[in-house]
Amino acid sequence: MTFLDLLAEKKYSVYRLSKESGIALTTLQDIASGKNKLEDCKGRTLLALSRALDISIEELLSLEPEEATGVFPEFLSECVKEYRIYTRKGSTLSGDYWEKLRSSINVAEVENLISHETATRLRKRYYFLSGE
């Protein structure tokens, strides 16, 4: 699970987390984009995040890093983004978005745009959010 996956699970936006934790929005955007790593954050930032998200600092530091920008084909990146948005909103259509995302992962794998390992990891990462 990544930082953005955790936010989706908790139904938080980066903006809401900034307001509730007192952490600068730009700091959280850098973490969410993968520009900054959680393990490089100051102790008070980690403490504020763990309190706002109701998880331990250890759990926070065990999150997987976000994928680097541009690693996925654009259509797959868009599906991931859509899926996270609708899951975060608690949409009743999140199952439909999961199917679209799963299909996009399959296409990217078959077309050799992502590796089998990446496809498997993405399926596992987003499966728990699908409610299946």
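In what follows, every heavy atom counts, from backbone to side chain, and hydrogens, waters and symmetry copies are set aside. If you're wondering where the values come from, they're calculated on a predicted model, not measured in any experiment.
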- Item | Any donor-acceptor N/O pair, Ser21 side chain to Leu17 backbone, under 3.5 Å | yes
- Query: Is the backbone N or O of Asp96 less than 3.5 Å from a side-chain atom of Glu99, with the two atoms forming a donor-acceptor pair by type?
  - Reply: no
Would you say [X] and [Y] make side-chain contact, with heavy atoms under 4.5 Å?
X	Y	result
Ile23	Ser18	no
Leu28	Tyr15	no
Tyr12	Leu6	no
Lys10	Ile55	yes
Pro73	Ile114	yes
Arg123	Glu109	yes
Phe72	Leu122	yes
Leu25	Val14	yes

- What pairs with Glu82 under side chain to side chain donor-acceptor pair (under 3.5 Å), at least two apart in sequence or on another chain? Lys100
- Could you walk me through whether Thr120 and Glu117 pass the side-chain hydrogen bond (donor to acceptor under 3.5 Å, both in side chains) check? CA-CA 5 Å; Thr120 300; Glu117 292 78 18; over 6 Å; no
Distance in Å, [X] [atom1] paired with [Y] [atom2], rounded so as to fall on 0.5 Å steps:
X	Y	atom1	atom2	result
Leu53	Leu60	CG	CG	7.0 Å
Trp98	Ile105	CH2	CD1	5.5 Å
Ile57	Ser62	CD1	OG	12.0 Å
Lys81	Leu4	NZ	CG	11.5 Å

- Message: By the salt bridge (charged side-chain N to carboxylate O under 4.0 Å, His left out) test, which pairs, at least two apart or in different chains, include something from residues 15-43?
- Response: Arg16-Glu20
- Task: List the steps and the verdict of side chain to side chain contact (heavy atoms under 4.5 Å, CB included) for Leu113 and Leu76.
- Result: CA-CA 10 Å; Leu113 301 172; Leu76 181 53; over 6 Å; no
- Item | Qualifying residues under salt bridge (Lys or Arg N to Asp or Glu O under 4.0 Å), relative to Glu78, sequence neighbours excluded | none
- Item | Side-chain donor-acceptor pair present, Ser77, Glu74, cut-off under 3.5 Å | no
- Just do the side chain to side chain contact (heavy atoms under 4.5 Å, CB included) check on Ile31 and Cys41 with the steps written out, would you? CA-CA 9 Å; Ile31 293 168; Cys41 291; 3.7 Å; yes
- Locate the shortest heavy-atom distance separating Thr2 from Leu63; write the atom from each residue and the value. O-CD2, 4.1 Å
